[in-house]
**Q** 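So that we are looking at the same thing, I have put the structure below in structure tokens.
What you are looking at is a predicted structure, and each value in this text was computed from that prediction instead of being measured.
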Amino acid sequence: MIKFVNIFDNKKDVFVKTKEGMQVFENYPWHFFVDLKDAKSNKVFFQDLLDSGYVKDMKVEGEYVALYCPFLERDNVIRQLKTQGVKTYEDDLRPWQLFLVNEEVELETDQSILFFDIETDDRGVGIEPGRDPILSISAIGSDGREFYFSYRPEDKNGELKMLRKFVKTMGEYDILSGWNSDSFDLVAIATRINGREGFFAGYNSILPRGKRIEFRCMVIEQGSKDLGGLDSVRRSGKYKTKPIDFNHLDLMQKYKEMHYRDTELIKKVRSFSLSAVSMATLNEDKVDLHGESIYKIWKERPDELRTYNMQDVRLLVKLDKALNISFQKLVEHQVCCARLNDYTSHGKIDIFALRGAKRLGKHLPSKPERVERDKRESAEGEPKGNEDSDYAGGFVFEPVKGFHTNVYALDYSSLYPSIIKTFNVSIDSFKGVTQWEEGMEFPEDTIIMPTGAMFARDEIGIIPSIIQFVLDSRNQIRHVDMKKMEKDSLEYQNAHYRQYAFKVLANSMYGIMGASFSRYYKRELAEGITLTGQYLIKMSAKWCEEHGYQIIYGDSDSLYLKKDGEVDLDKDAETLKVFIEEHLRRLFNIKTCHLYMSSEGKFDRFLAIEKKKYAGIHPDGEIKVIGLEVKKRDSLPQAAAWQQEVIDSFLIHGETDSRFYVSWVRACVNAVKNLSPKEITFQKRLSKEIEDYGKDNKNGRAQPIPVHVKVAQWVKDNLDKMGQKDDKINLYSQGSYIEWIVTSSKNGIVGVHPLAFDGHFDIPYYVDACLAPSIRILTSVYPKIDWEEVISGKDLQRLF
DNA sequence: GCTCACAAGATACCT
DNA sequence: ACAGGTATCTTGTGAGCG
């Protein structure tokens, strides 16, 4: 078993970095696969490939033939196979990927880390990594050593010398780790050394003394549309890095990944600045510079800069220790058999699945060729649902809007993985699509879906097998291994992270089957899963209605049910489970039912406002709020505060007298004119650079510029007024939050930055804006009351 | 020149 | 480079009207 720290190739040899040193596997025998039957039916063609020397060797492996050829000649060979119409498997794998799939390897979790942080010249307009000189770098190793690199203004080559010293130190550790370093610190270092394309040179202590190695680190532009998979939470900055032969761990990125669902926290830390996160986690802040420029301090009081710079790294080390970020990350990547640098969902799951397939003696399709596609464009002019673009997802019930009591929640646990297992959904077990109708005839050895997609019944497919393996492993860890361990021990922590990684893997399988760039993609399968989900939740809803429940709401895999009097939800859920199992067996010929609907508790009081917007209170007093404005970071603070009051009145106090709310609204209307600037300040995130807004939309017209972008432009033009820049995130670039107050709404919204606010705001506009979220709740409960009139006071006027 | 319905983008949520 | 579904707010356009 090789424990690797990192692995990469030069398209020929594979380099495996371990704790002991670098192992080189020269001319790693690169290969890919075709079906044996294809090789048999194209005998002459395959013989020609061998004779011409393009393919060096062929070996029969079960149902496949492995074709050996140098990776560099790959394109040529594959083109010929494509022309001949031969399907290939795994032809896209780089030598290092193939190595991970084939060999006995595991990621080393015991890796040394160098935490670091840089300070840059801040005299220019804004902050742009790579443009401004780097003034200092602090670093702390996981072994406790502290480093500080800087130079004096007089030293012409000071910066480059400093960077080279740093890179040398970096080579003494396995991992380089910073905060937002993927978009800032590392971009700056790589760019300052070698320009945008650049790699940077250094010494790797693992190699024999004196032997030089280049640390390659690409600097690439981040797509403006691409939000990185974590909705809008992930990206900041224009560039990011792609380190090749050293490990890099951006703690901010992983921290976001761990917390992106926690809307409460996101509201607190907003852009996930080191300062905000340290405050939230450690209750400790960065050193306050009182608005003084970094450059000035560097020039005049270098010791002070050192203190400041060092404090940031100390925070990093403390955060990692408190939250175990790097350890969790290492364990997670070890479970996936992924390199530390391959952090995308697809990158992490791919090698894991390929290894899983190999264990079963099977191979997975090659990645589809890159198709330039734009979902929106394909929808224009022609009917929606283009060949392989969009497909339907989960079903959302129209809520029965208003205030309810005695609401029960039912939930399919892991609906999509369960469907995959139950219907044996997999690329290799797929038998085509037919028209399905109740009671139709179809082959006995086939499972069918409500969409008509058919799958082999007896031989379990690769994907369901992997899911089964993943869930079995997870259960083994949770219910057996962890029981024997001491809580809070290192091995317990390790086990906990392992089981979590398995859970994530199981839940990601559906996603990659719907991702058109992945080797697992098949529209019929992805849509089969979602539409079967729709079928199941609708059928369950029907069953519940027939058993005395009223459907209040439901989304994809959940149902919210109302029933007064005695209710034994667990018993009903069990009966429903049996019903569904029998139904699926009879109509779809399934073999084993893995679907399980369980009770998610009761709500004494429940507000159904809109699709994806509701709130409820459990008997123990715990309140659950979903999707409402109080949970959104772009909500007006006062609007959220007032909406919270309404929610509490209904759920905690059970107040249902409409007169209470009418007078409450009147009081709010009167209070608007006295609101403080903070309460009426909007905030929204810039999801791309200012220049990228206002381009032509799909109708060929210039897209209007949103208010927050106009204000961002003002910020850019008035940077001198903004005071000290917070952290690495520019005040007006992709990822920044923009604040504004509305001063006029007569001819379009006019927003001004809080710093330009003179105290006059558009009161009528704010009356609407502050009350809208509350009014939406009140309208859903009391649809007959004209709340517009209550706000305008017309209902009062009528009385006089 | 006004109102109004509508399309489309942008953001941030939910499962 | 995991997926789709949805509400809400904003601006610009074009129809209908006087």
**Q** Hey, would you say the A/Phe682 and A/Trp740 ring centroids sit under 6.0 Å apart?
**A**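 Yes; A/Trp740 has its ring centre under 6.0 Å from that of A/Phe682.
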**Q** Is there a side-chain contact between A/Lys612 and the phosphate of C/dT6, meaning an N or O under 4.0 Å from OP1 or OP2?
**A**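 So the side chain of A/Lys612 is outside the cut-off, no N or O lying under 4.0 Å from OP1 or OP2 of C/dT6.
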**Q** Taking only N and O in the side chain of A/Tyr560, is any of them less than 4.0 Å away from OP1 or OP2 of B/dC14?
**A**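 Negative; the distance criterion is not met.
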**Q** When you check the phosphate oxygens OP1 and OP2 of B/dA10, does a side-chain N or O of A/His708 lie under 4.0 Å from one of them?
**A**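 So the side chain of A/His708 is outside the cut-off, no N or O lying under 4.0 Å from OP1 or OP2 of B/dA10.
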**Q** Would a distance-only check, ignoring hydrogens and angles, find a side-chain to backbone donor-acceptor pair under 3.5 Å from A/Thr241 to A/Leu186?
**A**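 No, because the side chain of A/Thr241 does not come within donor-acceptor range (under 3.5 Å) of the backbone of A/Leu186.
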**Q** Under 4.0 Å: is that the gap between some side-chain N or O of A/Arg633 and OP1 or OP2 of B/dC13?
**A**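 True: A/Arg633 side-chain N/O within range (under 4.0 Å) of B/dC13 OP1/OP2.
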**Q** Using a cut-off of less than 4.0 Å, is there contact between a side-chain N or O of A/Arg776 and OP1 or OP2 of C/dC9?
**A**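 So the side-chain polar atoms of A/Arg776 do come within 4.0 Å of the phosphate oxygens OP1 or OP2 of C/dC9, strictly under.
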**Q** Using a heavy-atom cut-off of 4.0 Å across all strands, would you classify A/Gly511 as base, sugar-phosphate, or nothing?
**A**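 Counting heavy atoms under 4.0 Å across all strands, the contact made by A/Gly511 includes a base.
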**Q** Would you say B/dC14 has OP1 or OP2 under 4.0 Å from some side-chain N or O of A/Lys632?
**A**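 Indeed not, no polar side-chain atom of A/Lys632 lies that close.
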**Q** Is the shortest side-chain N/O distance from A/Thr344 to OP1 or OP2 of C/dC2 below 4.0 Å?
**A**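 For C/dC2, OP1 or OP2 has a side-chain N or O of A/Thr344 closer than 4.0 Å.
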**Q** Does a nitrogen or oxygen in the side chain of A/Tyr693 sit under 4.0 Å from OP1 or OP2 of B/dT11?
**A**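 The answer is yes; a side-chain N or O of A/Tyr693 sits under 4.0 Å from OP1 or OP2.
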**Q** Ignoring backbone atoms, establish whether A/Arg519 has a side-chain N or O less than 4.0 Å from OP1 or OP2 of C/dC2.
**A**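 Looking at the OP1 and OP2 atoms of C/dC2, neither is under 4.0 Å from any side-chain N or O of A/Arg519.
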